[in-house]
Amino acid sequence: MTIDKTFDPAAIEAKWYAHWESTGAFRPDRPSAEPYTIVNPPPNVTGSLHIGHALDNTLQDILIRHARLQGKDALWVVGTDHAGIATQMVVERQLNARQQKRTDFSRDEFVAKVWEWKEESGGEITRQLRRLGCSMDWSNERFTMDEGFSKAVIKVFVDLFNQGLLYRDKRLVNWDPHFKSAISDLEVETREMNGHMWHFKYPLADGETYTYVERDADGNVTLEEERDYIAIATTRPETMLGDGAVAVHPDDERYKPIVGKLCEIPVGPKDHRRLIPIITDEYPDPDFGSGAVKITGAHDQNDYGVAQRNNIPMYRLMDEVAAMRSDGAPYAEAAAQAKAIAASGQWTAADIDALNLVPDAYRGLDRYEARKRVVGDIDADSLMIAVENKTIQQPFGDRSGVVIEPMLTDQWYVDAKTLAAPAIEAVRSGAIDIVPKSWEKTYFNWMENIQPWCVSRQLWWGHQIPAWFDDNGKCYVAETEEAAQTLAGPNVALTRDPDVLDTWFSSALWPFGTLGWPEQTGELNRHYPNDVLVSGFDILFFWDARMAMQGIHFMGEGGRRPLEESVPWKTLYLHGLVRAADGSKMSKSKGNTVDPLGLIDQYGADALRFFMAAMESQGRDIKMDESRVAGYRNFATKLWNAARFAQSNGIGGSHSISAPKAKLAVNRWIIGEVVSTVEKMNKAFAEFRFDGMADVLYHMVFDQFCDWYLELIKPAFVDGEKGEMDSESKIVAGWVLDQILVMLHPFMPFITEELWHALSDPAAPRSYDIIHAKWPEPNAAMDADAIAEINWVVDTISKTRSFKAELNIAPGTRLIANIAEPQSSTVAIIERQAAALSRLGRIDSFVYAPVSTNNIAQIVVGGDTVVFALDGVIDLDAERARITKAIEAAAKERDALAGRLSNASFVERAKPEAVEKARADHAEKAAEADRLTAALARLG
RNA sequence: GGGCGAUUAGCUCAGUGGUAGAGCACACCCUUCACACGGGUGGGGCCACAAGUUCGAACCUUGUAUCGCCCACCA
């Protein structure tokens, strides 16, 4: 098959992908090989491939293809995530477009619609992953809501419950009023906003007064007045309606006279205003605001803690959309009950939750409208002291973008603290290796301060929680309804908890749930723990940490298995984010996203992949740079053309893993370059340095192979100087090209597969695809003599080109070189390399005698001074300047080295090899400077 | 408030103790028979700043500045 003149990625990509997939190439049967496993972070089933996926999946595919080339049983598990909120959002949006809404349907109907949608459109991202060339095991594609995986999810829930590690609790949660659901701490994003702080008077009960005294740091009285109120500052006046107390610091002298007394919430109908106690707690900071804090346990995280510590009732004020409650008894009645409850000190959570303490006038108002009204009403009562502008930290839902309302609700929680302990130990002990290491600290910090994980969501799409309630609210947790019924006993009517589980609760099981767990399958035994997990650091807490917790807990069999066997993966590789060219974060709303599919269309998947590898230096973010993608497209084209050259000269596929035997220096040299490249690649793989891998390959192909090796062996093929040696060069060139293709394959799978077959010897075609080739093991060494020889040749050619360019001599000018007193080794090199020196250096011949003219250009190569007679074409002043510059450069280095060597402490204290090297370098530079000085003198 | 990272050529980035590198961009030359998505030759950096450790610092220490990210309950 002749290689086309131009490289067209689109022409080969689809072909090879289909070939690989249809032949099962991604998962060859290697039952006795060492397993190597990566699970792919399941993309949202709603999703389409964004640039971050391109990075993440390219890195994984490089690792998997590399492992496959190493002969391992490489398994890359793939699947999609049901993505509860995101997917429900998409389908609801579609309904909205048709003037319908979710609640027009029954839950079952709606869920059926989502499934329908999933079947229709869920395949987009998996098609796109194929376009990127990802070699996943599609034959076992999974979905987080498929039957087997769902079974695992339910079992985990039930087991955790039975182990006391999962429980139902009424706590303050982050409530997203848009989704009408609880969300986890991680899904809340705090932003700084311009807001206000209002200062109000809370009048003391029964018109009581006290002497309010303020002192400066020295104890001098700065203010003393009679007050009939306590001053309160708040950024959220609408929550005053649910205040249960006012707290001051126990050491705050100003308020000591009134601690234990009652004050009045200054809002609502005057005859039914509630009185709340003034209590002490360590929480208030006497130096902030007035030093007194209103305590609204049901709508503020801080207050919640204070209320809990002091047994202060927490009154929920808002409904599911964060509007002021409009349910329950009228305000007057509720306020009276609240008074009774507060006075008794005895209540249940249900009692309190039934109380709607929103005054009738505010009921049903949006929380911000209610705020305006509260402030206005207090102001009208002359109870407002001041309002100041203030930047406040406001929580937003990361998906909905609306302001989160802390809300007291019943939810399911996982005891994350208990699960985190072994996960912390796993990283500490090295059972999990985090790369780059700098993330360990972040991991520890989060894990050590972990809070209970709220895992229930008030959605319809997801794994419905396997808990049933009887009429008394008693809860039964079991894997099936039958089992729950058995727990509850006969004739007990049960209702299933309508909530679903946090998506991350299920995806946390991905490393073992996809391998068949809870069944003890062969796959599970073989591929757990996974070898590596590749993920963006942005999901370190969301996903990675939770996989570690769940994996160790369930696969560790309650600590009976050692951590090394329990962890989900041995290495956690965290990469950065792909950012826009200006460094900003890519986002749809900013409209600065780059579509990876567009880049593939334009430059080819191989180029995009190579870009991702080349830019991935551990841990750093990647700025998008399209010119660089174009550069790697050029690189692919370069390789393509090198292969064309090879093919047209009968250089074909090699069948050898080991390096061929070679006599020619150029061949021994390039074999050494392959050896060196393989070593560098192996090291880079061991260290997960993707940029290093790309760099090594790029320079091997461009510099060593194309620019020098192919040029150096051209005489044998092109100039018709076919000696006995051309067959050796053909064999070596074919072998080298094969090694390059194999090493490049994980990065550029398409072009390498194409060329692998195109370069096949028609008489003995390849017996396997490159995807199943063998990673190079040259079984050869660097050859010092060959390196020295090729260095001499390369140096001579480069320096000859250089002086021509600098002296404005046409590069094509053919010259004769004189070496007055050549070293014997030089003569031998020149004899062997005459053809290359002629073709690349345009040097017709070498004469071992001085020249008779002073119109000369001179270069120093190794220990030789090479002289070119240039009567009539040389500008001697320019040549003097050129040589002078070279002398200066050599002399500068020589002197620097001399300075170092004359420093007694350097010679005494530096490492001997450093001293030795300095001596050698100094001698070399001194000799070079001397030769150049002599050359300058010859010019007269 | 705590933590992490960055600061190296015009741009994007490598470089962790021993003479400053790559790609792109730039300048000049080359329509040489694999490749103009090419070849050749060049120019360009007090490695953010300051002090310290060391025979020797882009690299180690401390501090400063600027930028970015993460975490955190000052109402």
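In what follows, chains are A, B, ... by sequence order, proteins preceding strands, each numbered from 1. Reckoned from all heavy atoms, side chains included, excluding hydrogens, waters and symmetry mates.
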Polar contact flag, side-chain donor to acceptor under 3.5 angstrom, A/D281-A/N310: yes

No-H, no-angle donor-acceptor pair, A/R628 side chain to B/rU12 base, under 3.5 Å: yes

Under-3.5 Å donor-acceptor pair between A/K714 side chain and B/rA34 base: yes

Nearest to side-chain heavy atoms of A/R644, which nucleotide of B/rC30, B/rU32, B/rC35: B/rC35

Listed partners of A/D8 passing side-chain contact (heavy atoms from CB on, under 4.5 Å), at least two apart: A/A10, A/A11

With sequence neighbours excluded, residues passing salt bridge (charged side-chain N to carboxylate O under 4.0 Å, His left out) with A/E189: A/R191

A/R579 CZ to B/rA6 P, straight-line distance once rounded to whole Å: 14 Å

Among B/rA22, B/rG39, B/rC29, the one nearest A/F702 by side-chain distance: B/rG39

Which nucleotide in B/rA75, B/rC70, B/rG18 has an atom nearest any side-chain atom of A/R900: B/rG18

Candidate nucleotides B/rG42, B/rU12, B/rU7, ranked by approach to the side chain of A/E806 - the nearest: B/rG42

Sugar-phosphate, base or nothing in reach of A/Q301, heavy atoms under 4.0 Å: nothing

Sugar-phosphate, base or nothing in reach of A/D285, heavy atoms under 4.0 Å: base

Contact residues, residues 635-643 of chain A to RNA chain B [heavy atom, < 4.0 Å]: A/T637, A/K638, A/N641, A/A642

base_contact_polar (B/rA14 base, A/Q618 side chain, donor-acceptor, <3.5 Å): no

